[in-house]
Amino acid sequence: MIARVTLEIALRKEFDYLIQPGLEGQVEVGTRVQVPFGPRKVLGVVTALAEESAHAKLRPILKIISTPALVTPNVLALARWISGYYCCPLEIALKSVLPEAVRREQAGWRERLFVRALPFAGELPKLPKRQLEVWNIIEERREMPLQELLELAETTAATVRRLEDRGLVTVAPQISERDPYAREHILPTQPLALNPAQAAALAAVMKAMDGPNAERGARNVELHAAADRELNRQSPIVSRQSTFLLHGVTGSGKTEVYLQAIAHALAQGKGAIVLVPEISLTPQTVERFKARFSSGPLQTLVAVLHSHLSAGERHDEWHKIRQGRARIVIGARSAIFAPVEPLGLIIVDEEHEHTYKQEEAPRYHARDMAIVRGQLEGAVVVLGSATPSLESYYNCRKGKYTLIELPERVDNQKMPHVRVVDMRQAARKGKGPPIFSPQLKEAITQRLERGEQTILFLNRRGYSSSLLCPLCGFVAQCPNCSVSLTYHRTEQKLCCHICGETKPVPAICPNEKCRNPGIRYAGLGTQKVEETLAKLFPHARIKRMDSDVMKRKEDYRRVLGDFRIGKTDILVGTQMIAKGLHFPNVTLVGIIYADLALHQPDFRAGERTFQLLTQVAGRAGRGDVEGEVFVQAFTPFHPAIQCARRHDFAGFYEQEIEFREQLKYPPVSRVALLTLKDRNEDKVKFSADHLKREVENGLRGLKDLILAGPAPAPLLRAETYYRYQIMVRTRQMSKLSRLLAKITGALALPKDVTLTVDIDPMDLS
Ligand code: ADP
Ligand code: ZN
């Protein structure tokens, strides 16, 4: 027998090796092996088995790294899908589907010394006092880690060894599992009685889980054929019955629906994967899942996978899943590859979150992978959000997903009252735009007097500034692309980062009715807000939360802990504070500069603004007092801001999809972003022109092709590299992926110039 092995060292092909007689029967597809490669020994995964090989003189596999196979057939099919769709070699895709801690050559279990009581015949021999004390403990516990015994008995290993010499106990190494949540005390919870909207949502999901799709388990599918068919479709295939978009306002009880759907999967003898954004993986979130399944007839381990675990913890959590002891997995992006078998349900909470997209190769989107995997496994997929992505909502409209809505908060709490403050008026009165409008200042004063808490939010993401007139709200726009132009300080130019259009920097506001000479570059940070706040309210207790001050996990916990118990009056922060926080005493949320996200050079700027405003506003009024939200904006009538004010997702969708239709942006089309970088700008520019010609030639067959660029990337210079981009748009992404793989494979770039291909990019910078 012959094994086709994909090696870890990137070589873009499979190599044949002999399975010698001693290893027969142990090597299957998905097994990790060590093989000779030239003079070296390298690791790889068996990706196929064959009867014969085209090559003579095959070398044998050296050893098997682990049995059973680490990569299950469905996960291997998923890796192949990723490799094809995202234009990356299979070995890169395989790296993503197994955590580093699991891929290591040495088994990563932690062994500790355990003491075990042995049965003895007759009377207990007479023991010295110390030894008797130790014996009494171990006789009762029967078995425990040596270290714990020593601490409990306040003794030394020598005493325990005496007992071993007498034949009363053994001391031997044994695997001891690491449990990252061992310290949390978790009280079991029971399912809540659902309200009618929740009950209808659960019923729809359960019906799909019981449907014919569920019968179509993994083994009935010709996997590779399925993955190939998948690749030939325009988008990840979906059957209407098996993918749901659960659109529920913040606090509408989505999590309770997830929990009860998972219980149904367990009752069917299947497992579930729950994806949440990394930032939401707080102990409280994890606890809600552990608490529900820690006892009762459906009891199972809940494994947790995320980047804050130690390598050892991740190893143990992963193997608990592989061994079938943990049938529920909750984790960030890469948990979509967890080896749950059989898999009945996949939940993607906050499905609109951009962190589901991996920003290095393989550049997969975990939400889309959830859908592909659901299809491969016959599992039902539930995407949940208060602010769905345009992509997912569009798929509902097209009949690919089923939309379920939870329009109200569970406890009859009202949605917060949102007021939009026109900052142009505030700017006209003073010398320039103030950070705080008089209305917001007044509202903060009231909260301080009443002992209620305030959250102030400033979205300071992005690198380059846009040109903004503080009097009329004018923002310089590209005539072709409907994104704002970016100010390049060194060249004194405005530049479009999609098509490359450039314009001179105006000395006065170009709006004919305005002509303000005080046109300026937007840019303000949370630190400035905090400083100004401290001057305005010298007695207020203020804390700031952004990536500059939050260096460690403890910082985050400490600041939030202080806020929770009321030690802080005002919390200032970036999107770090936008998500999932639930503080009943917060009655005021201020959004300092709502336009900031709006003027990013990105066609999703409006969508991001809407999502952000809605999520931040959702932090207010989670207690008994109704919440109030102030949105300060220079373009107060922008649809993203007005729709967020009215909590009107559908309204926002309608106008936004029209814009995407007109300019052929996703979800109406699909995008591939090609980025070239090098330290020498001329070299990058030259290479980009060359690439453009190759792409033009190679993609001629695509009917609905739109090519834009080359243009300097919004983040033109990053870590001393210059970056240029070409944006390709089409509806036929699978075809485009294949053609791009061909073009880039044959491309001769100057030395040091690197090319990245990002399919369905989320970050255009
Ligand atoms: P979402 O995930 O939609 O933001 P959650 O699931 O966190 O909402 O629910 C908000 C709160 O309402 C939670 O404290 C939850 O325990 C509670 N809750 C959810 N469903 C019910 C219900 N049917 N009856 C009573 N309380 C509920
Ligand atoms: Zn343009």
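Model, not experiment: these values are computed from the prediction. Just follow the structure's listing: the first ligand is 1, and inside any ligand the first atom is 1. For reference, positions follow the sequence shown, starting with 1.
Applying the 4.0 Å criterion to heavy atoms of L194 picks out, from ligand 1, the atoms 23 (N). Listed by number with element, the atoms of ligand 1 under 4.0 Å from a non-hydrogen atom of E256 are 6 (O), 20 (N).
For R288, every heavy-atom contact with ligand 1 shorter than 4.0 Å involves the side chain, none the backbone.
Ring to ring, Y394 and Y401 are not that close: their centroids are 6.0 angstrom or more apart.
Of the candidates K254, Q198, Q284, K254 brings a heavy atom nearest to atom 3 (O) of ligand 1.
Residues K320 and E317 are paired through a salt bridge, judged by an N-O separation under 4.0 Å between the basic side chain and the carboxylate. Residues R397 and E654 are paired through a salt bridge, judged by an N-O separation under 4.0 Å between the basic side chain and the carboxylate. Using a 4.0 Å cut-off between charged side-chain N and carboxylate O, E377 and K270 make no salt bridge.
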What's the verdict on side-chain contact (heavy atoms from CB on, under 4.5 Å) for T454 and V586, showing C-alpha distance, side-chain angles and the deciding distance?
CA-CA 6 Å; T454 299; V586 173; over 6 Å; no
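Considering backbone and side-chain N/O atoms, T250 never comes within less than 3.5 Å of an N/O atom of ligand 1. For a threshold of 3.5 Å applied to N or O pairs, the pair formed by A193 and ligand 1 contains at least one separation below that value. No N or O atom of L192 sits closer than 3.5 Å to an N or O atom of ligand 1.
Ring-plane geometry between H247 and Y393 is classed as perpendicular, the angle between the planes exceeding 60 degrees on a 0 to 90 degree scale with a lower cut at 30.
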